[in-house]
Amino acid sequence: MRKHIVISGYGGQGIMLAGGILCQAASIERKNSTFFPSYGAEVRGGAAKCQVIISDEYIGSPILKDIDIFVCFTSMALKKYSSYVKENGIVLFNSDMVSNDETNVLSKNIKKIFVSANTLADSIGNVLFANVVILGAFIKNINILQKTSVISAIKEAFASKKKQVLDFNLLAFEKGYNL
């Protein structure tokens, strides 16, 4: 198994954190992974993307030419990366930021999963949890990592934060997972 994953949106949406959590979960499962971040000079609001490869075998390069799984947070990201999604690939959309009509640029052979990540995150207290909501939907719909590994990775990512921050992120993950 080898999956090429791109998570893209704009700075401040937790794109890099989401990619890091996936890589940590892969590590917990003793899988190989790479994390390759890319973002604009702006702290918030600029383009942000991370490339993640998860594999059972050695990974020679972190550079991707095509995408198996695309986690798309914004219309801008869709326009920029839709042509790189492989036939029979999967795209998870933050449907609060990307409309269904915009997704027509994708091939009919691509599975589309719509997640109202901002709305669900806002319902638990803060739209900034949308990235972890998407991770929950990702794990539920894509069989490459175990739920328990991702929960462990979330706990590690927020170990130095207040318990309430961890609890909200775990709740966000469950909201996405239980869609």
Side-chain angles (χ1 to χ4, degrees), residues 1-11 13-40 47-74 76-95 97-98 103-115 117 130-158 169 172-174 176-179:
M1 181 274 305
R2 180 184 178 108
K3 294 297 180 186
H4 296 184
I5 304 161
V6 168
I7 306 170
S8 185
Y10 59 78
Q13 290 183 300
I15 303 298
M16 304 309 161
L17 178 63
I21 289 170
L22 288 177
C23 286
Q24 181 61 26
S27 178
I28 290 167
E29 294 183 23
R30 303 216 185 281
K31 294 181 180 178
N32 296 304
S33 65
T34 62
F35 173 79
F36 192 77
S38 172
Y39 42 88
K49 172 185 83 162
C50 72
Q51 298 176 161
V52 174
I53 300 173
I54 298 175
S55 177
D56 292 328
E57 298 178 11
Y58 176 77
I59 301 169
S61 170
I63 307 299
L64 304 179
K65 293 182 180 162
D66 49 22
I67 302 169
D68 294 305
I69 305 157
F70 179 32
V71 181
C72 182
F73 276 84
T74 64
M76 174 186 66
L78 177 62
K79 290 175 189 168
K80 193 166 186 176
Y81 300 109
S82 62
S83 65
Y84 297 99
V85 180
K86 287 181 181 177
E87 287 294 316
N88 300 311
I90 302 169
V91 182
L92 284 90
F93 296 96
N94 180 346
S95 59
M97 302 289 291
V98 181
T103 68
N104 292 332
V105 298
L106 294 167
S107 163
K108 290 180 181 5
N109 296 331
I110 294 173
K111 181 179 179 181
K112 301 173 187 176
I113 300 169
F114 296 91
V115 181
N131 61 334
V132 182
V133 169
I134 286 272
L135 281 181
F138 180 105
I139 297 306
K140 177 72 173 201
N141 289 283
I142 300 165
N143 189 25
I144 61 172
L145 294 169
Q146 300 297 313
K147 179 181 179 183
T148 55
S149 302
V150 178
I151 289 172
S152 292
I154 290 169
K155 288 177 179 177
E156 287 180 33
F158 294 99
N169 277 283
F173 178 82
E174 290 296 333
Y177 189 85
N178 292 319
L179 286 176

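Because only heavy atoms are used, hydrogens play no part in the values below, and waters and symmetry mates are left out as well, while side chains stay in.
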Practice task
Check the pair Val105 / Lys79 against side chain to side chain contact (heavy atoms under 4.5 Å, CB included), numbers first and verdict last.
Solution key: CA-CA 8 Å; Val105 298; Lys79 290 175 189 168; over 6 Å; no
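- Residues Val150 and Tyr177 fail the side-chain proximity criterion, which asks for heavy atoms closer than 4.5 Å.
- Using a 30° and 60° split on the angle between ring planes, Phe114 and Phe93 fall in the parallel class, below 30°.
- Under the 4.5 Å side-chain criterion, counting only non-hydrogen atoms from C-beta, Ile142 is in contact with Leu92.
- Annotation: Phe35, atom CZ; neighbour count of heavy atoms from other residues, nucleotides and ligands within 6.0 Å is above 12.
- Expressed to the nearest 0.5 Å, how far CG of Asn32 lies from SG of Cys23 amounts to 11.0 Å.
- Here CD of Glu29 is found 5.0 Å from CD of Gln146. Values are rounded to the nearest 0.5 Å.
- Counting heavy atoms of neighbouring residues, nucleotides and ligands inside a 6.0 Å radius, atom NZ of Lys147 exceeds 12 of them.
- Side chains of Leu179 and Ile113 form no contact here, defined as non-hydrogen atoms less than 4.5 Å apart.
- A pairwise comparison of heavy atoms in Ala117 and Ile134 identifies CB-CG1, 3.7 Å as the closest pair.
- Closest approach of Met76 to Gly9, counting heavy atoms only: CE-O, 3.7 Å.
- Among His4, Lys86, Lys3, the single residue meeting the side-chain hydrogen bond (donor to acceptor under 3.5 Å, both in side chains) criterion with Asp68 is Lys86.
- At a threshold of 4.5 Å between non-hydrogen side-chain atoms, the residues Val91 and Tyr81 do not count as touching.
- More than 12 heavy atoms of other residues, nucleotides or ligands sit less than 6.0 Å from atom CG of Asn178.
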Problem - CA sep, side-chain torsions, deciding dist, call: Val115, Phe138, side chain to side chain contact (heavy atoms under 4.5 Å, CB included) - result: CA-CA 10 Å; Val115 181; Phe138 180 105; over 6 Å; no
Problem - side chain to side chain contact (heavy atoms under 4.5 Å, CB included) between Tyr84 and Val6, worked out - result: CA-CA 10 Å; Tyr84 297 99; Val6 168; over 6 Å; no
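- In this structure, the side chains of Leu22 and Ser33 stay at 4.5 Å or more apart for every pair of heavy atoms.
- Inter-residue side-chain proximity for Glu174 and Ile151 is flagged as met; some heavy-atom pair is nearer than 4.5 Å.
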Practice task
Test Asn141 against Ile90 for side chain to side chain contact (heavy atoms under 4.5 Å, CB included), laying out the working first.
Solution key: CA-CA 10 Å; Asn141 289 283; Ile90 302 169; over 6 Å; no
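- In this structure, Ser83 OG and Asp66 CG are separated by 11.0 Å, a value rounded to the nearest 0.5 Å.
- Between Phe70 atom CZ and Ile110 atom CD1 the span is 10.0 Å, to the nearest 0.5 Å.
- Atom CG of Asn131 sits about 7.5 Å away from atom CD1 of Ile15, to the nearest 0.5 Å.
- With values rounded to the nearest 0.5 angstrom, Thr74 atom OG1 is found 10.0 Å from Lys80 atom NZ.
- The two atoms that bring Ala77 and Ser8 nearest to each other are CB-OG, 3.4 Å, heavy atoms only.
- Residues Cys50 and Gly19 come closest through the heavy atom pair SG-CA, 3.7 Å.
- Within a 6.0 Å radius of CD in Glu87, more than 12 heavy atoms belonging to other residues, nucleotides or ligands are found.
- Nearest heavy-atom pair, Met97 versus Phe73, reported as atom, atom and distance to 0.1 Å: CB-O, 2.9 Å.
- Here the closest non-hydrogen pair linking Leu17 and Ala157 is CD1-CB, 4.2 Å.
- Looking only at side-chain heavy atoms (C-beta outward), Met1 and Ile54 come within less than 4.5 Å of each other.
- Using a 4.5 Å heavy-atom threshold, the side chains of Lys112 and Leu106 count as touching.
- At a cut-off of 3.5 Å, with distance as the only test, no side-chain donor of Gln51 or Ser38 sits close to an acceptor on the other residue.
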